[in-house]
Structure formats: structure tokens, C-alpha cells
Student: 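The structure follows.
Lettering follows sequence order; numbering is per chain, from 1.
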Amino acid sequence: MAWYDANARIMPWRVGPQARRAGDTPDPYRIWLSEVMLQQTTVAAVKDYFHRFTMRWPTVTALAAAADEDVMAAWAGLGYYARARNLLKCARVVVADHGGQFPTTRDGLLGLPGIGPYTAAAIAAIAYDLPETVVDGNVERVMARLHDLHLPLPTAKPELIEFARRLTPRQRPGDYAQAVMDLGATICTPKSPACGICPWRAPCAARSEGTAQQLPKKLPKKPKPIRLGIAYVGRRTDGAFLLQRRPDKGLLGGMLGWPGSEWAEIPPQESPPVAADWRDLGAEARHTFTHFHLRLAVRVAVIPPEAQPDVGAFIPHDRFRPSDLPTVMRKAFDLARASFEYES
DNA sequence: TAACCGTGGGA
DNA sequence: TTCCCAAGGTT
């Protein structure tokens, strides 16, 4: 705790140890929002999104009243889009069933859309200073090293949770939870941990065994296959773009995208969304998802004003922002844009 | 249980 | 270029 008092990272959603002592209390809405954004995502990537969300939707009530497409567009680029869909669901449940106040216990939070064991414990500890045990990737790593546990993840998870539970203090549990995560993020890092300046170097078993660097052990990962696809970037003569809202379930669910073929390991079939003079762009957008690599061929066409597309809808030029697209679709647009600008 | 679900930065 | 990994949850 002394180490945290002197070394706590400064974050837009955080009430630091000094401010907390002075009586400041975190806003549960901002803690919840930050925790959902931080799932599998770095602090650096989250900061700008957090600012934009809290400026535009300062309270859970404001967020609950937002249009789905506005929230999805604001989330675009951050990834794991089920988080954004569940964020909105959760906000609406909090407003409709809890009077706009987040539940104040771990069990009350657990089971709200998008809130699992980690996030429930994190909100309970950080926002309400309850002695709940927070186990994220940082804590797993710190515990595996502290106890020199060589059992690989995910098998080791229950044991690591138990290690973490035993260490959780009754005093300042919210600061403690953030302290261990800060320690993992800045000292007990995955590669080249700074054991020499670690406040836990004395009791650390992996430090004395010289095994810190190789912990925690993990099961080998499966290789990622390469999938192929075609995207159709169509612009009508008035400048409107032909886009398609993706279904809520599955990859990039609920996001805007270009119409296109299936993405599979076999060469895709041409499947233009509307009859037009589609030209092959030559270049392809390359993108890596969680479990496959994608090579996306890009077709471009200027679509005549009277055309009736089979799929998708035209979005007027002045209402289209590339930043509303998930990254893979923005990559395809960036390739296509060059050709449009060349023609016009 | 294991697969699915994004992205960007660093090594 | 390629691989690893980051404050995980849902199905």
C-alpha cells in the first residue's frame, strides 16, 4: 500500500489514494464504464474513448437514452463490440430496474449484461471500497510469481484466485485492488519484470527461484488460419456510400460495414450488393482478428442514382464518418478512397 | 470446457 | 513480419 501511495498511476477515471483519503469517492458510472472498456484492452487505447463517452453521456441515465447506432459508432475501433451492445443493455437495466443506481454489491453487479466475475469485483472494490478480490491478467501473473506456481493457465486459475483472496485486506480494499494491478502493469510485467525495485521482492518465490520471467505458464495457442473475402465499397454519384448494418450476433455484431462475401478459407464468390461497374482495386486490406487472419479484396464502383441495392442502404456523404467503422472496414475504405479521389 | 470475440503497440 | 499480449465475458 505504501508503494501504491507513492506510485499510483494517474487515470481519468481514478480517484487516487490521496484524494480518496481526503474524502473523494469514485463515480460508480465512470468506474463501470472504464472497467468495461479496459476488458482485454490497454489503458492507452481506452483514454480517448473514455473522454468521448463521458463528455457525451455523463450519466448512466444519459447513456441509457442514447440511440444504439450512436453508441456503436462511438465504440468503433475499440474492438470486442459485444461490450458496447452489453454496455447499453446494462445501462438500460440499471435505469429501468434499479432507479439509475448501480447495485452496491458484487453479487448484485454480477450478471448484469457484460459484467462477469472480474468486473463485478472491480466495481465493488474500487467504487464502493468493499473487500472483494479482483483477479485480472495482472493479478494472475503477480500471484503465479509470488507463489512460483508453474501449473499452466487456464488450469491454474482457481488456485491463483485463492492466493489472491487470501491476500485481500479489509483495509482500503479498493486501493489494494488497484495497487496489485498497477504493480503488474508497471513492475511485474510479462517480459523483463523489474524485480529489483519490486515492493514484493522479499517474499516473491519466483524471484528467489529465478523463474519470474517464465511465469505464468500458458497452454500453447492454436494457429490462426487465413480467411479470404471481398468488400464492395460503393459510392453513388451524389456522394452517398452503400453500407450495411451487421447482425447483432457474431463478428463485428451491430457495426456498420461494407457489403461483401463470406469470409472463409476458400476463395470467395463475387457477391456485389447492386449492379454496377465494380473494379478490382488490386490491393487488399489485411487484418488480424482474435482467431483468424483476413485478406480482404476491395471492389470499388460509382453507383448510378436510380440503382436499387439488394442489401444495405445509402448513407449521405455528410452523415458518413470513416471513424464510425470498425477497423477492418476503415482499412478497406482507406484503400478505396484513394481511387475515388483519383477519379474525382 | 473451449470456442468465439478486436485492436494496436512493442519486442 | 510475426508474435505476444492487454483491467474478460458470453455462449
Student: In whole angstroms, how far is the P atom of C:dA6 from the NZ atom of A:Lys47?
Tutor: 18 Å
Student: Could you tell me whether A:Trp13 contacts a base, only the sugar-phosphate backbone, or nothing, with contacts defined as non-hydrogen atoms closer than 4.0 Å?
Tutor: base
Student: Quick test of your reading of the model: are A:Arg227 and A:Glu262 salt-bridged, counting only N-O distances below 4.0 Å?
Tutor: no
Student: 5'-most contact on DNA chain C: A:Leu112 or A:Val43, nearest heavy atom basis?
Tutor: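 Taking each residue's closest nucleotide, the earlier one in sequence belongs to A:Val43.
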Student: Rounding to the closest angstrom, what is the interatomic distance between B:dA11 and C:dA7 at atom P?
Tutor: 15 Å
Student: Rounded to whole angstroms, how far apart are CZ on A:Arg9 and P on C:dA6?
Tutor: 12 Å
Student: Under the side chain to side chain contact (heavy atoms under 4.5 Å, CB included) rule, what do A:Met72 and A:Tyr81 come out as? Steps first, then yes or no, please.
Tutor: CA-CA 8 Å; A:Met72 299 313 290; A:Tyr81 298 100; 4.1 Å; yes
Student: Going by an N to O cut-off under 4.0 Å, is there a salt bridge joining A:Arg245 and A:Asp68?
Tutor: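 So A:Arg245 does not pair with A:Asp68 through a salt bridge.
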Student: Check the distance between C:dA6's P and A:Asn138's CG and give it to me in whole angstrom.
Tutor: 7 Å
Student: Roughly how many Å apart are B:dG8 and C:dG9, using the P atom of each and rounding to a whole number?
Tutor: 22 Å
Student: My understanding is that only residues two or more places apart in sequence, or in another chain, count here; which of them pass side-chain hydrogen bond (donor to acceptor under 3.5 Å, both in side chains) with A:Ser34?
Tutor: none
Student: Determine whether A:Leu146 and A:Val134 fall in the same hydrophobic cluster, where Ile, Leu, Val, Met, Phe, Trp and Tyr are linked whenever their side-chain heavy atoms lie under 4.5 Å apart.
Tutor: yes
Student: Could you state the atom-to-atom distance from CG of A:Leu87 to P of C:dA7 in whole Å?
Tutor: 20 Å
Student: Starting at CD of A:Glu35 and ending at C1' of C:dA6, how long is that distance when rounded to a whole Å?
Tutor: 13 Å
Student: Between protein and nucleotides 1-11 of chain B, map the contacts as a letter string: B base, S sugar-phosphate only, - none, heavy atoms under 4.0 Å, written 5' to 3'.
Tutor: --SSBBBS---
Student: Should A:Asp5 and A:Arg172 count as an ion pair when the cut-off is N to O under 4.0 Å?
Tutor: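 Here A:Asp5 pairs with A:Arg172 in a salt bridge, since their nearest N and O are under 4.0 Å apart.
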Student: To the nearest Å, how far apart are A:Asp136 CG and C:dC5 P?
Tutor: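 It works out to 15 Å between those atoms.
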Student: Please determine if a side-chain N or O atom of A:Arg14 lies less than 4.0 Å away from the OP1 or OP2 oxygen of C:dA7.
Tutor: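 For A:Arg14, the contact criterion (side-chain N or O under 4.0 Å from OP1 or OP2 of C:dA7) is not met.
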Student: How many whole angstroms separate atom CH2 of A:Trp32 from atom P of C:dG8?
Tutor: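 So the two atoms are 17 Å apart, to the nearest Å.
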Student: Salt bridge or not for A:Arg321 and A:Asp324, using N-O below 4.0 Å?
Tutor: yes
Student: Write down the distance between CE (A:Met11) and C1' (C:dA6), rounded to a whole number of angstrom.
Tutor: 12 Å
